[in-house]
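A quick write-up on the structure given underneath.
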Amino acid sequence: MAARSARPPPARSRTRSCRGPASCACRTAASSAQPPFPLLQRRVHPGVFSQRTAFMSRYSAAEIEQKWQQAWDKASVFTAKRDAAKPKYYVLEMFPYPSGRIHMGHVRNYTMGDVIARYKIATGHSVLHPMGWDAFGMPAENAAMAIGANPRDWTYQNIAVMRDQMKPLGLSIDWSREFATCDPEYYGQQQALFLDMLEAGLIYRKNAMVNWDPVDMTVLANEQVIDGKGWRSDAPVERRELTQWFFKISDMADELLAALDGLDDWPAKVKLMQANWIGKSRGLQFGFDLTAPAAGHERIEVYTTRPDTLMGASFVGISADHPLSKELEADNPELAAFNAQVRKTGTSEEAIEKAEKLGFDTGLRVRHPLNPDWELPVWVANFILMDYGTGAIFACPAHDQRDLDFCRKYDLPVIDTFLALDDPQPVTDEAFVPPKTEMVQWIDHFAGLDKATGDEAIDATIAFAEQAGWGKGVTKFRLRDWGLSRQRFWGAPIPVVHCDACGVVPEKKENLPVRLPDDPSFAKPGNPLDHHPTWRDCACPACGAQAKRETDTMDTFVDSSWYFARFTAPDADTPTRAEDADYWMNVDQYIGGIEHAILHLLYSRFFARAMHLTGHLPKKAIEPFDALFTQGMVTHEIYVTRDERDRPVYHLPEDIEWTESGAKLGATGEPVEVIPSAKMSKSKKNVVDPVNIIDAFGADTARWFVLSDSPPERDVEWTAAGAEAAHKFLSRVWRMARELADQRDAGLGEIDRTLQDLMDDYQLGVNPLDDELVRATHRAVDDVTKGIESFGFNAAIAKLYGFVNTIAKSQASARTRWTAMRTLAQLMSPMTPHLSEEIWAILGGPELVVRETWPVADPAMLQDDTVTLPIQINGKRRAEISVPQDMPKSEVEQQVLAVAAVQKALDGATPKKVIVVPGRIVNVVI
RNA sequence: GCGGGCGUGAUGGAAUGGUAGACAUAUCGGACUUAAAAUCCGAAGGCCUUGUGCCGUGUGGGUUCGAGUCCCACCGCCCGUACCA
């Protein structure tokens with residue numbers, strides 16, 4: 001779901017660059033005489049972090065991480081089990097597309113989920129944290145065409161590589177539940193869902209437009225249409241009509257809209273985007289009578305959301321694909337040519353809306369419904385979609401910018417219907433489009449309005465039209481039915497059969513899965529299922545006669561619309577198993593990219609409802625994701641040089657060298673232009689391979705870094721310096737633990753009580769130096785807990801930096817420092833689980849830290865006795881005052897007024913107002 | 001085009017409407033060292049008239065005792081736009 005490149009993984013470079021000072025050893029001695037430190041032996045250039053750092057710190061991530069991953073495996077700590085005694089928690093990250101290699105975006109996404117999962121384990125939950133592969137899709141077919149790979153082999157090889165790359169991250173995933181959507185066991189159950197939904201009336205067939213490449217004779221995806229041309233053939237695409245399968249998602253439009261209100265833990269922006277996408281509108285449907293019948297049509301039905309502007313109608317516009325337009329083409333070669341031109345725009349809304357607005361006057365005339373003497377022209381226009389409303393509109397140029405531009409271009413009349421109250425100017429070049437809540441002055445309104453808002457006018461107009469009998473108030477949705485047919489090979493076959501006698505017949509469930517053939521040929525363009533010699537041939541499930549299989553496969557959005565449900569029982573021989581779905585659903589926390597805000601999430605919401613209707617999910621699961629978090633991307637700056645024709649040539653970060661005069665190409669010394677950060681992409685080569693980072697620094701460093709610098713919902717910029725800093729910090733923590741343990745070995749003695757006991761029984765006032773650290777420990781527990789629970793990972797990490805500095809400087813007793821350090825190990829364990837286990841073990845912690853109960857802060861330890869209040873005079877900070885935490889407002893006010901700076905500012909006068917915000921601030925208004 | 005979001009020091013960023021710049025990076029200074037690295041300690045938004053001074057959160061307005069935060073407009077960038085995943 002996340003990645004998209006179809007290219008095979010690039011060969012990894014073995015050279016790395018150094019961004020450190022020019023004196024760094026890696027610059028002067030490429031082949032050092034010193035034997036490299038074992039950790040760095042593999043491929044890492046020493047400049048990434050100094051050999052000596054590693055030597056002196058002795059923090060060996062490679063050793064530590066492997067050791068603890070084996071310990072977790074042995075103890076099966078991440079195997080999800082139904083446990084009636086514990087509350088369950090289902091955390092899910094959007095599963096990846098197996099593009100070939102993991103990237104930093106994956107690391108960030110899965111690390112966030114892992115922090116939540118590990119925290120929930122520590123707080124006593126039975127956690128389900130699964131992983132799978134969104135494995136169908138076009139890249140595998142593109143690879144098949146480009147390099148002759150078999151899509152299935154290509155995909156499973158990629159999965160194997162990516163799984164191997166992911167495991168060293170130490171994620172708390174229950175790998176026993178792993179599946180790929182291209183597994184016949186998975187798509188077979190998806191075919192069963194299809195049959196149930198077909199029977200329930202949730203699926204039907206109708207005609208719809210596709211992008212057709214007339215040279216390659218194949219259907220193109222929108223992204224394969226570049227500037228209106230096919231990406232391989234370069235031929236102008238045509239819109240072509242095909243019979244396709246559809247989910248009736250529009251039947252649920254109102255319900256999907258209303259239910260957004262209940263999604264309290266979803267980002268407001270996502271709910272708003274979905275609401276706008278569903279696009280509920282109330283409007284008027286009515287007809288314009290043609291002055292004379294044409295091509296069997298007597299009137300044109302239009303739908304408008306602004307019926308109140310009917311007196312401003314300038315023309316009636318119809319889509320090029322409107323039945324009337326199509327029928328007129330036969331006798332009107334000019335119109336046919338115009339329509340053919342319109343159909344050369346791709347099917348994407350973006351392409352249609354951005355295209356220059358074009359029109360064609362059909363010569364037909366219609367009568368205005370309010371005045372039979374008023375005739376309006378009928379135009380065909382390229383911006384009117386047959387899919388929305390009735391495929392016909394009336395244009396009101398005075399109050400719609402697009403209509404105005406069109407009318408100015410074709411010299412059509414512009415008639416004002418209302419004017420602004422404060423500036424009643426007629427429209428010239430800019431349409432007057434006030435919010436529908438704004439009061440405006442109406443001009444000669446047929447329903448008798450004078451001053452009214454747009455909303456009031458719309459209501460009045462619909463009532464007027466209904467009473468007069470020429471129109472009807474209608475609620476429409478922008479949301480269209482979900483077309484699931486794809487004319488492609490690498491997808492789940494749609495399990496129906498076409499029989500000459502019986503028509504379209506569903507396959508029998510016992511014949512599922514309808515498997516893809518193992519031997520597709522991509523020699524010819526188009527769908528290999530169409531020209532496979534035998535695959536299509538089958539017996540009709542109804543009459544047994546010779547019949548043909550459907551060759552369309554399912555949209556890959558179908559695969560990703562129910563995988564979360566399948567994870568609850570991946571081995572079930574039905575799509576779901578009731579007791580597992582009941583226990584594990586819903587997903588408590590879903591994490592993924594904002595790019596899925598609309599389609600994937602809306603389709604999943606629809607699917608959950610459809611699965612409930614067909615008996616595959618409980619009622620409570622119709623909103624499958626209780627909480628949603630959308631994380632930002634991982635970016636990196638871009639390095640570019642120019643070729644002899646001034647075209648950009650991109651370079652990998654590891655090929656860049658830094659000198660005082662700027663960035664240079666390591667191999668040639670050619671100066672490199674540095675472009676600000678953008679999303680990591682292979683085409684721009686601004687990618688850092690997580691595998692290299694893990695090899696150099698360890699998984700904990702990579703995890704710590706992607707969580708630390710930026711708030712998780714925002715983009716994070718990967719920098720070599722940041723990664724080094726993260727590693728330095730983890731080394732420091734490791735060293736501190738080691739030193740503390742050495743003190744114990746020197747005679748401090750074992751600490752056998754649990755951490756919580758130590759924290760609970762501490763009495764303040766025993767030793768001021770201990771007090772300070774004990775308070776800091778409780779504050780760290782509180783800060784980090786709140787940080788994790790609110791997805792403030794970067795803030796939690798900042799607090800941990802502060803806590804480590806406090807421990808390092810503390811003069812408290814060894815025993816209190818010991819407690820602080822063990823608490824630190826726990827608090828860091830969701831982010832850096834391997835290092836935390838190691839520290840826990842060094843400091844004599846029992847069992848595994850992953851099995852420890854999360855520490856709880858004592859509220860009493862979080863209170864400070866006195867607080868420093870800043871004093872503002874007229875909103876500007878002028879002084880401060882230190883007062884007891886619980887001092888009453890009135891007393892604070894008295895003390896503030898006595899402060900010299902305040903006295904001076906007042907100069908004998910009485911303040912107008914004194915605002916005391918307890919524990920926060922005081923503002924004196926003069 | 002339309003819908004949604006984001007914009008804070010040199011850099012990543014912090015800040016329930018309440019001391020803008022926490023924490024980190026880079027930089028500079030000090031300790032340690034024959035030296036360097038590492039490590040440890042410290043400085044640091046800008047400006048000037050060095051004052052419990054002025055300015056400062058993309059730009060311009062507004063609400064408020066008080067705005068990075070809320071509202072409006074504009075600029076720039078990012079995501080989506082129904083067959084990329």
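What you see below is based on every heavy atom in this structure, not just the backbone, and it leaves out hydrogens, waters and symmetry mates. Small disclaimer: the values here were computed from a predicted structure and weren't measured.
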Task: C1' spacing across the pair B:rG4 / B:rG56, given as an integer number of angstrom - done: 30 Å
- [ ] Please state the P separation for the pair B:rC41 and B:rC54 - nearest whole angstrom.
- [x] 36 Å
Task: Side chain A:Glu349 and base B:rG1 donor-acceptor under 3.5 Å - done: yes
Task: Interatomic distance at P, B:rA67 relative to B:rG58, whole Å - done: 15 Å
Task: Distance under 6.0 Å and angle within 45° of ring axis: A:Arg478 vs A:Trp277 - done: yes
Task: N/O donor-acceptor pair, side chain A:Gln487 with base B:rC83, under 3.5 angstrom - done: yes
- [ ] Mind checking the CG-CE spacing from A:Asn207 to A:Met209? Nearest 0.5 Å is all I need.
- [x] 8.5 Å
Open item on the list: Once hydrogens and angles are ignored, does a donor-acceptor distance under 3.5 Å link the base of B:rC78 to the side chain of A:Glu595?
Closed with: no
Open item on the list: Would the base of B:rC83 count as contacting A:Asn222 through its side chain, where contact means a donor and an acceptor less than 3.5 Å apart?
Closed with: no
- [ ] Using side chain to side chain donor-acceptor pair (under 3.5 Å) as the criterion, list what pairs up with A:Gln903, not counting sequence neighbours.
- [x] none
- [ ] Kindly say whether the aromatic ring centers of A:His727 and A:Phe705 come within a distance under 6.0 Å.
- [x] no
Open item on the list: Suppose you measure atom P in B:rG60 against the same atom in B:rG68; what distance do you get, rounded to whole Å?
Closed with: 14 Å
TODO: For B:rG17, take OP1 and OP2 only and decide whether either is under 4.0 Å from a side-chain N or O of A:Arg920.
DONE: no
Task: Short side-chain N/O contact to B:rA82 OP1/OP2 from A:Arg480, under 4.0 Å - done: no
Task: Between B:rU69 and B:rG13 - C1' atom distance, rounded Å - done: 16 Å
Task: Same-atom distance (C1') from B:rG66 to B:rU16, integer angstrom - done: 15 Å
